[in-house]
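Quick notes on the structure that follows.
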Amino acid sequence: MTTKAYGAHAADKPLQSLDIERRAPGPQDVQIEIAYCGVCHSDLHTVRSEWGGTLYPCVPGHEIVGHVSAVGHEVTGFKVGDTVGVGCLVGSCQHCAACDEGLEQYCENGFVGTYNGPTPDAPGHTLGGYSQRIVVDRKFVLKIRHPEEQLAAVAPLLCAGITTYSPLRHWKVGPGSKVGVVGIGGLGHMGVKLAHAMGAHVVAFTTSDGKRQAALDLGANEVVVSRNADEMKAHANSFDFILNTVAASHSLDAFTSLLKRDGTMVLVGVPEHPHPSPNIANLIFKRRAIAGSLIGGIAETQEMLDFCADKGIVSDIEMIRAQQIDEAYDRMVKGDVKYRFVIDNSSLAG
């Protein structure tokens, strides 16, 4: 099938309209007409080859929502017309220890990314959600229960939502937990919403006093301007858990010193340059930990979508046409978005 898409032919070229090929659905496949696709920082880094290894043509997009238009004859659980989503991965080995535990994101043989991953389909690598349709193995398709009018705002849950939900669940955040969220952007705003919905006392950290009210509106109980030494000192040794969403290199010591004994700070942002080495004594004398977390497996991503549907949680978004994507990337670099861009994929038609 020839499908309209938006992508780039080189790192230094703007994105443009492309015609790409999608395979016909196989026995285990689900074909999806994409309604909306969220825009992730990973899209920008990959298109511009800032992480290296980008395969061109590159069609990004791994926050996909839409409707089933065809299913393979062996598919159960999905039918034409269903509202579904696809996140950051569309394949894994399915037989390693991680896959056996439903942790496909940690597949020991490497998961297949929704774009820029190896595939037998032309052109030899996966092409993502900046396109009219996609064909995905049923094991990597997710059910969406949100109402249709929220569908665009559901799209970022497939990356930003699960990236923040997974560590909150793994470290058992809930009632009685004091949780910090560092950075109020695409990831951080979801971290605040989810931690609040889980019953935690949520403290948002921002470098800008101008974001104080916005963080409170998202569900934070308190807001701390991290550049204010007095505000930071008032929370010393008090956090059970801190979710650090900042993708820029910065000193971690200011935040680890806020953890209780046995507290953990989890990093979910990958900086362009390494963080300065943390003060190890700061960890040793309180048995504190610094950890990392990726996205979630398929089962946990479905759990997150169901949790968000039950709690009425979606992302705060700004809708754009596909033709505005380069402008959106430039604005993302400047932090000029509240809090996630989402492409209206109907714009790909013209």
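Values reported hereafter were calculated over all heavy atoms of this structure, with side chains retained and with hydrogens, waters and symmetry mates removed. It should be emphasised that the depicted structure is a prediction, and the values quoted were computed from it without experimental measurement.
If you check the side chains of H41 and E50, you find no donor sitting under 3.5 Å from an acceptor. Remark: the N282 side chain and the T256 side chain contain an N/O donor-acceptor pair separated by less than 3.5 Å. A donor-acceptor contact under 3.5 angstrom links the side chains of T2 and E21, judged on distance only. R133 and N345 form no side-chain donor-acceptor contact under 3.5 Å, judged by distance and modelled atom types alone. Remark: the S69 side chain and the Q31 side chain contain an N/O donor-acceptor pair separated by less than 3.5 Å.
Of the residues K178, E222, H196, the one that meets the side chain to side chain donor-acceptor pair (under 3.5 Å) test with H201 is E222. Checked against I64 for a side-chain contact (heavy atoms from CB on, under 4.5 Å), the options T114, V136, V141, V84 give a single hit: T114.
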In sequence, state the C-alpha distance, the side-chain angles, and the governing distance for K79 and D82, and then conclude on salt bridge (Lys or Arg N to Asp or Glu O under 4.0 Å). CA-CA 6 Å; K79 64 182 186 304; D82 283 352; 2.9 Å; yes
Show your working on side chain to side chain contact (heavy atoms under 4.5 Å, CB included) between S131 and Y6 and close with a plain yes or no. CA-CA 6 Å; S131 56; Y6 228 73; over 6 Å; no
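By the 30° and 60° cut-offs, the orientation of the rings of F241 relative to W171 is tilted. Ring geometry for Y130 against Y329 counts as tilted: the plane angle lies between 30° and 60°, on a 0 to 90° scale. The aromatic rings of F255 and H250 sit perpendicular to each other, their planes meeting at more than 60°, with 30° as the lower class boundary.
Residue-environment remark: NZ (K338) stays at or below the threshold of 12 foreign heavy atoms within 6.0 Å. The neighbour count for R169 CZ, taken as heavy atoms of other residues, nucleotides or ligands under 6.0 Å away, does not exceed 12. Around CZ of R23, the count of heavy atoms belonging to other residues, nucleotides or ligands within 6.0 Å exceeds 12. When the shell of 6.0 Å around CD of E74 is examined, it contains more than 12 heavy atoms from other residues, nucleotides or ligands.
The backbone N or O of R321 lies less than 3.5 Å from no partner atom in the side chain of D344, so there is not a single donor-acceptor pair. Judged purely by atom type and a 3.5 angstrom limit, T164 uses its side chain to pair as donor or acceptor with the backbone of G161. Between the side chain of D43 and the backbone N or O of C40, at least one donor-acceptor pair lies under 3.5 Å. With hydrogens and angles disregarded, no donor-acceptor distance shorter than 3.5 Å links the side chain of R261 to the backbone of R287. Looking at D121, its side chain never comes within 3.5 Å of a backbone N or O of T126 through a donor-acceptor pair. In this structure, the side chain of K143 engages the main chain of G77 through a donor-acceptor pair within 3.5 Å.
A 4.5 Å side-chain heavy-atom check between V202 and V181 finds at least one atom pair inside the cut-off. With contacts defined as side-chain heavy-atom distances shorter than 4.5 Å, the pair L151/H146 does not qualify. A heavy-atom distance below 4.5 Å is found between the side chains of L267 and M265. Between L127 and H125, the closest side-chain pair of non-hydrogen atoms falls below 4.5 Å.
Evaluation of the ring-ring contact (aromatic ring centres under 6.0 Å, His included) rule for F307 yields Y165 as partners, not counting sequence neighbours.
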